[in-house]
Amino acid sequence: MNLRIGAFGRQESASLVLIAAFIGGCFAIDNRAMYGNGNASYLVALIASIQALLLFEAVVWALRVRGGNDLTALIGASRWKAVLAVPLALSLLLSAIQPLEQYLVTVTTFVFVESKHVTVCLYLLPCLYLLTALGAETLARTARLLLPILLLSIVAALLAGLSTYRTYRLFPIPFGEPLRLFSLAGSAQLRAASPLLALLCIGEGTQDRMSMRSAGRIGAIAGGALTAVTLFALSMTFPYTALLKMPSPMYRMLVEVRAENPTLRLDRAILFLWMTCAILTAAFYLYAASVLCAKAFGARDIRPIALCVSGLAIALMLALYYDSAVTKKILSALYRYAWVLISVPVPLILWKGRRRTPRCAAS
């Protein structure tokens, strides 16, 4: 089978999970739901990261009991294999659409103002397919190269905006409505659990199960902490009433930093770096979904599936963007209830993982 998984180490895996967790936590937020009653996004990011990490530990435990290095070892070769794999692959596809949709809005609103959305997508589709078809090793090693630059850009942006932070913008008190806080954390599970789910799909290339477990822990903890710090700075830069209607808060924060600090003129360069990481994250999710479908349905080559899922992601993104009335309803349901695609099949997989494969007695 030509799955193009390859082999990569713990640093590459952790870098890929960290970048995906940061992009999903900061660039795929539904502003209407997150900032409807105040600035508690940083607490939601922490709670969602903890929940996703616990779910990841449970799946790794089931892998240790049953044996295997990836998620398909738990799904098995039964007739229910496709039923369990399709919702997980669909959740990865939806997770890839979210940062790409923000990419389209940001580029056409602030950078290439006169460009059409179809034109941007025509440039995006070959890049997305190429990254998806090249495989996990290319994605992981590219993430390892981009991670130091990404961390440097985030630290520079946060430090340069110290003069714009105001603590009174954190009103109202985040712990005032704990039920709503955990409800938002539950709806954010699709963004928080997708990097770890994608890592489980390509676990065959992470040397062994313990290396995958260590990489997932490092990436989830570091990515959740980085997301929480960035969202906390974003909450002190703008009031929640402004964030509620802001199309791209992260880029607007860069513009505010540039206005306060004239020495920082790299807002466009930082924006394109973040958008590159968003495309890498989307390709990571699409590749994991392609691998899961290939193993579930017995496909021997990953490239036709990668082309199909890349084209489907672009088509869905354009369909959601152009119909404004339907888009708001679909995106609202997508951000709130898409976590069901993960929460329903994973308990069934864990229950199946309880049965240990019997060992043959020595003759």
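Keep in mind that what you see is a predicted model, and the values were worked out from it rather than measured. The residues of the chain are indexed from 1 along the displayed sequence.
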J.: Looking at every non-hydrogen atom in both residues, tell me the closest pair between Thr227 and Ala21 and how far apart they are.
T.: OG1-O, 3.5 Å
J.: Evaluate the criterion side-chain contact (heavy atoms from CB on, under 4.5 Å) for residue pair Leu243 and Leu234; output intermediate values, then yes/no.
T.: CA-CA 9 Å; Leu243 290 171; Leu234 186 64; 4.2 Å; yes
J.: Are Met210 and Val60 co-members of a hydrophobic cluster defined by side-chain heavy atoms under 4.5 Å apart?
T.: no
J.: Quick one: pull up CG in Leu134 and OH in Tyr287 and give me the separation to the nearest 0.5 Å.
T.: 10.5 Å
J.: Identify the two heavy atoms, one from Ala192 and one from Ala48, that lie closest to each other, and give their separation to 0.1 Å.
T.: CB-O, 3.5 Å
J.: Between Leu104 and Cys121, is any pair of side-chain heavy atoms under 4.5 Å apart?
T.: yes
J.: If you compare all heavy atoms of Met275 against all heavy atoms of Phe27, which two are closest, and at what distance to 0.1 Å?
T.: CE-CE2, 3.6 Å
J.: Check the pair Glu12 / Arg144 against salt bridge (charged side-chain N to carboxylate O under 4.0 Å, His left out), numbers first and verdict last.
T.: CA-CA 5 Å; Glu12 288 81 1; Arg144 179 66 180 86; 5.2 Å; no
J.: Within the 4.5 Å heavy-atom criterion, are Tyr103 and Leu124 side-chain neighbours or not?
T.: yes
J.: Taking the side chain as every heavy atom from C-beta outward, state whether Leu147 and Leu151 have any atom pair closer than 4.5 Å.
T.: yes
J.: Is it true that a side-chain atom of Gln207 and a backbone atom of Ala7 form a donor plus acceptor pair closer than 3.5 Å?
T.: no
J.: Would a hydrophobic clustering, with Ile, Leu, Val, Met, Phe, Trp and Tyr connected at side-chain separations under 4.5 Å, put Ile149 with Ile19?
T.: yes
J.: Looking at Glu137, I'd like to know if its CD atom is crowded, meaning that more than 12 non-hydrogen atoms belonging to other residues, nucleotides or ligands lie closer than 6.0 Å.
T.: yes
J.: Given Leu93 and Leu286, is the side-chain contact (heavy atoms from CB on, under 4.5 Å) satisfied, shown in steps?
T.: CA-CA 6 Å; Leu93 176 63; Leu286 294 179; 3.6 Å; yes
J.: Are any side-chain N or O atoms of Ser194 and backbone N or O atoms of Arg191, one a donor and one an acceptor, separated by less than 3.5 Å?
T.: no
J.: Begin from the C-alpha positions of Leu150 and Trp274 and carry the test side-chain contact (heavy atoms from CB on, under 4.5 Å) through to its verdict.
T.: CA-CA 7 Å; Leu150 175 65; Trp274 290 355; 3.5 Å; yes
J.: Testing the basics here: between Leu92 and Tyr285, what is the closest heavy-atom pair and its distance to 0.1 Å?
T.: O-CB, 3.5 Å
J.: Is Tyr123 atom OH crowded by more than 12 heavy atoms from other residues, nucleotides or ligands, each under 6.0 Å away?
T.: no
J.: Nearest 0.5 angstrom please: Gln98 CD to Glu101 CD, how far?
T.: 8.5 Å
J.: Between Tyr251 (side chain) and Val107 (backbone), is there a donor-acceptor pair under 3.5 Å?
T.: no
J.: Compare every heavy atom of Tyr165 with every heavy atom of Ala233, then report the nearest pair and how far apart it is.
T.: CB-OH, 3.5 Å
J.: Just how far is it from atom CG of Leu307 to atom CD1 of Ile302, taken to the nearest 0.5 Å?
T.: 12.0 Å
J.: Any sub-3.5 Å donor-acceptor pair from Arg169's side-chain atoms to Met236's backbone N or O?
T.: yes
J.: Within this structure, what is the CZ-OG1 distance for the pair Phe232 and Thr237, rounded to the nearest 0.5 Å?
T.: 10.5 Å
J.: Any heavy-atom pair between the side chains of Arg213 and Glu57 that's under 4.5 Å?
T.: yes
J.: Do Ile279 and Cys127 have side-chain heavy atoms sitting under 4.5 Å apart?
T.: yes
J.: Kindly compute the distance separating CD1 (Ile97) from CD1 (Ile314), expressed to the nearest 0.5 Å.
T.: 9.0 Å
J.: Is there a continuous path of hydrophobic side-chain contacts, each under 4.5 Å between heavy atoms, that joins Val17 to Leu46?
T.: no
J.: Are the side chains of Arg303 and Arg4 in touch, meaning some heavy atoms are under 4.5 Å apart?
T.: yes
J.: Tell me whether the count of non-hydrogen atoms from other residues, nucleotides or ligands lying under 6.0 Å of CZ in Arg141 goes above 12.
T.: yes
J.: Taking all heavy atoms of Cys201 and all of Leu71, pick out the closest pair and write down the distance.
T.: SG-CD2, 4.3 Å
J.: Using a 4.5 Å cut-off on heavy atoms from C-beta on, say whether the side chain of Leu231 contacts that of Ile29.
T.: yes
J.: Do Ser211 and Ser13 have side chains that get closer than 4.5 Å, going by heavy atoms?
T.: no
J.: Could you go step by step and tell me if Met212 and Leu200 meet the side-chain contact (heavy atoms from CB on, under 4.5 Å) rule?
T.: CA-CA 8 Å; Met212 180 183 65; Leu200 288 170; 3.8 Å; yes
J.: Spell out, yes or no, whether Val120 and Leu316 are grouped together once hydrophobic residues are joined by side-chain heavy atoms under 4.5 Å, including indirect joins.
T.: yes
J.: How long is the straight-line distance from OG1 of Thr72 back to CG of Leu84, given to the nearest 0.5 Å?
T.: 12.0 Å
J.: Is it true that Leu197 and Leu90 fall in one hydrophobic cluster, defined by side-chain heavy atoms closer than 4.5 Å?
T.: yes
